[in-house]
Amino acid sequence: MSNTDWVRVQTKTFTKWCNHHLSKKGAKIEDLTSDFKSGLNLIKLLETIGETTFPKYNKNPRLRIQMIENVKIALEFIESRGVKLTAIGGEDIVDGNLKLILGTIWTVILRFQIAEIRYNDVDVKNFTWSWQDGLAFCALIHKHRPDLIDFDSLSKANKGENLQLAFDVAENELGIPKFLDVEDMVDVKPDEKAVMAYLYEYFKYFSKGLKAETAARRISKVITLVKQLNEQKAAYDERSQNFNNTINSKISELDDHSFPETIDGVKKSLDEFKAYKKDEKPQLGSEKMEIESDFNQLQTRLKVNNRNPYEPEQGLSIEDNEELWNKLEQSEQERSKALRDKLQKLNRALLDEYEQAAADFNNWVNEEKQALQGVSGDLNQQADQIRGMIEDIVANKSRLQRIEELSREVERQNLEYYTEVTFDVLANLYDQLLSYARQQLSLLENQIKVKEGAKVTQEQLKEFQTMFEHFDKDKKGGLLPYEFQGVLKSLGDELDDVETKKVFDKYDTDGNGTIDFDEFVDFMVKRTEDSDTAEQIKESWRVLSSSQPQVTETQMKTAGMKPDIVGFAVQTMPPAGDGYDFIDYTDNFLYK
């Protein structure tokens with residue numbers, strides 16, 4: 001191979017290796033001579049393979065001196081890991097010296113990839129004695145292809161046998177020529193350059209698999225998403241069905257008007273009904289709201305990941321649940337009236353005054369809520385209107401005080417059994433109205449705050465606000481780390497505490513220990529932009545199938561897809577020829 005061919009092969013191979021690791025940072029290079037010039041891609045590469053973060057460097061270098069400083073920071077980091085660099089400086093990489101750039105990348109590969117092999121009796125400190133007993137070669141093969149060598153059966157004492165095994169497997173299974181002989185390694189100090197040249201052939205072979213591994217991870221990510229979405233849909237259906245059964249049973253119970261014929265018996269029935277309204281009904285209401293929240297989260301996740309909205313079976317939709325809830329409330333009203341008709345005696349005037357005041361107050365609450373929902377104009381105008389309404393709501397609390405006085409008189413006269421609505425219910429309605437108004441104002445203020453800073457529609461902002469408020473458990477306007485972890489899980493990101501903290505710290509831009517709403521919007525916008533498209537997934541399938549229109553189960557396994565993912569794909573993918581039709585699968589299943 002000529003020197004020109006050697007440089008071309010190295011450039012192609014090293015570019016693939018760099019992009020494999022840079023993809024974890026959302027970066028990519030095309031030209032080694034120019035794409036490392038600013039030093040930013042080199043720093044990102046070292047942060048990924050070195051599992052570290054560079055504290056300080058020029059994040060937007062424009063001047064040559066700033067670029068040189070970035071490259072020097074990267075080179076100093078390499079040397080801090082025990083690698084001696086000679087005849088290369090920041091200017092060489094900034095000026096695009098290809099041979100020196102290739103040499104630097106090869107040095108990084110040797111230090112961070114090959115020299116980092118961790119096996120029993122293997123400690124790579126150099127490229128001479130560390131490779132003499134053959135275990136390091138066997139470990140390198142075993143790391144990438146554990147099916148080819150039983151590493152645990154090898155002994156450090158059998159140098160010649162270990163070397164011969166590694167050389168034979170490399171030649172017969174991997175197609176790597178025997179550049180080294182056993183006798184050149186065992187009886188003398190191995191030649192450093194010869195060992196490095198031989199190791200380069202290993203690197204070339206294993207780097208070919210990086211692209212397939214990346215494609216497999218991308219496909220696995222989408223299949224995992226679809227699998228989780230199907231589970232989420234099934235969980236929603238089950239919960240909605242259970243809710244339907246409970247409400248229908250309660251409606252049948254409320255519709256039974258065969259009351260006792262004694263006053264004490266009817267009063268007991270009224271006590272039971274009021275206990276239901278106080279204790280059981282709120283629980284049913286909470287369950288209804290949680291089901292709606294589950295559905296909204298599901299729809300948001302589908303939309304963020306470019307999937308069609310979910311349409312539940314007949315009788316299980318949010319609208320169906322709302323209709324059933326209305327029937328329940330109708331049954332409650334009819335039962336309440338039937339019970340009160342049994343006892344309607346005494347002091348009709350007091351009861352009329354109380355009930356009229358309660359009805360007027362209830363109507364006022366509904367009118368105020370409708371007015372809150374009907375504000376118009378731009379965001380600032382809407383916010384001003386709601387501020388005025390909040391002032392009006394606070395001023396009208398005196399109406400509630402009058403109702404409380406009447407309620408006490410009704411109780412003193414033992415007439416509370418004739419009333420349809422208790423004072424506690426009305427007070428709760430007032431509190432809910434005031435809370436709702438303040439929530440609407442908070443929504444508008446947050447929308448105003450992020451309108452200029454994020455490229456999102458008003459509809460998306462409302463969706464983000466709903467999701468933000470769901471996970472803001474303490475309602476203090478910010479997500480704590482454990483609350484933010486709940487957001488990640490709802491989007492299908494199963495991250496451990498360390499990974500979660502990295503994402504949290506990235507979006508906690510003001511460093512106050514919480515993800516505020518504007519920071520949450522930044523996160524959701526980036527999360528939406530990062531979703532893979534159907535065409536990207538098809539291209540990944542083509543990588544696995546070697547550009548054939550079908551993919552085989554063996555190709556999926558060889559690329560490193562997990563067994564449960566492969567199993568799910570085989571069960572749900574239409575057969576075609578000797579494999580499976582991934583085009584139809586992607587269009588009509590993964591992105592349906």
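For clarity, every value in this text was computed on a predicted model and none was experimentally measured.
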Separation of [Y] [atom2] from [X] [atom1] (nearest 0.5 Å):
{"X": "Phe568", "Y": "Ser220", "atom1": "CZ", "atom2": "OG", "value": "12.0 Å"}
{"X": "Asp320", "Y": "Glu313", "atom1": "CG", "atom2": "CD", "value": "11.0 Å"}
{"X": "Lys72", "Y": "Ile65", "atom1": "NZ", "atom2": "CD1", "value": "8.0 Å"}
{"X": "Ser38", "Y": "Asn70", "atom1": "OG", "atom2": "CG", "value": "6.5 Å"}
{"X": "Arg239", "Y": "Asp237", "atom1": "CZ", "atom2": "CG", "value": "13.0 Å"}
{"X": "Leu590", "Y": "Thr572", "atom1": "CG", "atom2": "OG1", "value": "7.0 Å"}

Does the [X] side chain pair with the main chain of [Y], one donor and one acceptor, at a distance under 3.5 Å?
{"X": "Thr558", "Y": "Gln555", "answer": "no"}
{"X": "Thr48", "Y": "Lys44", "answer": "yes"}
{"X": "Glu499", "Y": "Asp496", "answer": "yes"}
{"X": "Ser490", "Y": "Val487", "answer": "yes"}
{"X": "Gln228", "Y": "Leu225", "answer": "no"}
{"X": "Ser540", "Y": "Gln536", "answer": "yes"}
{"X": "Ser240", "Y": "Leu316", "answer": "yes"}

Could you go step by step and tell me if Asn428 and Asp424 meet the side-chain hydrogen bond (donor to acceptor under 3.5 Å, both in side chains) rule? CA-CA 6 Å; Asn428 187 49; Asp424 291 339; over 6 Å; no

Stepwise side-chain hydrogen bond (donor to acceptor under 3.5 Å, both in side chains) test for Arg301 and Gln232: CA-CA 10 Å; Arg301 189 176 180 190; Gln232 200 170 343; 3.0 Å; yes

Quick one: which of Leu479, Thr514, Asp510 gives a side chain to side chain contact (heavy atoms under 4.5 Å, CB included) with Glu519?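 Passing option: Asp510.
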
Centroid-centroid under 6.0 Å between Phe523 and Phe484 rings: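 So the answer is yes for these two rings.
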
Report the C-alpha separation of Tyr580 and Glu553 in whole Å, then their side-chain angles, then the decisive distance to 0.1 Å, and conclude whether the side-chain hydrogen bond (donor to acceptor under 3.5 Å, both in side chains) test is met. CA-CA 8 Å; Tyr580 300 89; Glu553 183 176 352; 4.5 Å; no

Take atom [atom1] of [X] as the centre, draw a 6.0 Å sphere, and report whether it contains more than 12 heavy atoms from other residues, nucleotides or ligands.
{"X": "Lys397", "atom1": "NZ", "value": "no"}
{"X": "Glu238", "atom1": "CD", "value": "no"}
{"X": "Lys557", "atom1": "NZ", "value": "no"}
{"X": "Lys233", "atom1": "NZ", "value": "yes"}
{"X": "Glu231", "atom1": "CD", "value": "yes"}
{"X": "Lys327", "atom1": "NZ", "value": "no"}
{"X": "Lys281", "atom1": "NZ", "value": "yes"}
{"X": "Glu311", "atom1": "CD", "value": "no"}

Please test Ile93 against Leu75 for side-chain contact (heavy atoms from CB on, under 4.5 Å), starting from the C-alpha separation and ending with a verdict. CA-CA 10 Å; Ile93 293 180; Leu75 296 179; 4.3 Å; yes

Inspect the contact between [Y] and [X] and indicate whether a charged nitrogen and a carboxylate oxygen are less than 4.0 angstrom apart.
{"X": "Arg542", "Y": "Glu539", "result": "yes"}
{"X": "Asp587", "Y": "Lys538", "result": "yes"}
{"X": "Lys288", "Y": "Glu292", "result": "yes"}

Once ring pair (Phe, Tyr, Trp, His ring centres under 6.0 Å) is applied, do any residues pair with Trp364, and if so which ones, sequence neighbours excluded?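 Ring pair (Phe, Tyr, Trp, His ring centres under 6.0 Å) list for Trp364, sorted by chain: Phe361.
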
Could you report the tightest heavy-atom contact between Leu45 and Cys18, atom names first, then the distance?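 Closest heavy-atom pair between Leu45 and Cys18: CD2-SG, 4.0 Å.
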
Please step through side-chain contact (heavy atoms from CB on, under 4.5 Å) for the pair Thr246 and Leu284, ending with a clear verdict. CA-CA 9 Å; Thr246 300; Leu284 293 174; 3.8 Å; yes

Before you tell me yes or no, could you show the steps for Val521 and Phe468 under side-chain contact (heavy atoms from CB on, under 4.5 Å), namely the whole-Å CA-CA distance, both residues' side-chain angles and the distance that decides it to 0.1 Å? CA-CA 9 Å; Val521 171; Phe468 180 86; over 6 Å; no

Let me know which of Glu323, Glu322, Glu329 forms a side-chain hydrogen bond (donor to acceptor under 3.5 Å, both in side chains) with Trp325.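 Exactly one option meets the side-chain hydrogen bond (donor to acceptor under 3.5 Å, both in side chains) with Trp325, and it is Glu329.
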
Less than 3.5 Å apart, any donor N or O on the side chain of Thr466 or Asn296 sitting next to an acceptor on the other?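 Their side chains do not contain a donor-acceptor pair, so the 3.5 Å distance test is not met.
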
Yes or no on side-chain hydrogen bond (donor to acceptor under 3.5 Å, both in side chains) for Asn58 and Glu69, after CA distance, side-chain angles and deciding distance? CA-CA 8 Å; Asn58 292 301; Glu69 287 176 355; 3.1 Å; yes

Both conditions, 6.0 Å and 45 degrees, for the charged tip of Lys16 above the ring of Phe14: are they met here?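 Relative to the ring axis of Phe14, which defines the angle, Lys16 lies outside at least one limit.
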
Can you pull out every side chain to side chain donor-acceptor pair (under 3.5 Å) where at least one residue sits in residues 387-396? Sequence neighbours excluded, please.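 Found Asp384-Arg387, Arg387-Glu445, Asp392-Asn396.
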
Parallel, tilted or perpendicular: which one describes the rings of Tyr310 and Tyr236, with boundaries at 30° and 60°?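 Perpendicular.
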
Among Lys25, Lys24, Lys502, which residue meets the salt bridge (Lys or Arg N to Asp or Glu O under 4.0 Å) test with Glu47?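 So, applying the salt bridge (Lys or Arg N to Asp or Glu O under 4.0 Å) to Glu47 and each of Lys25, Lys24, Lys502, only Lys25 qualifies.
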
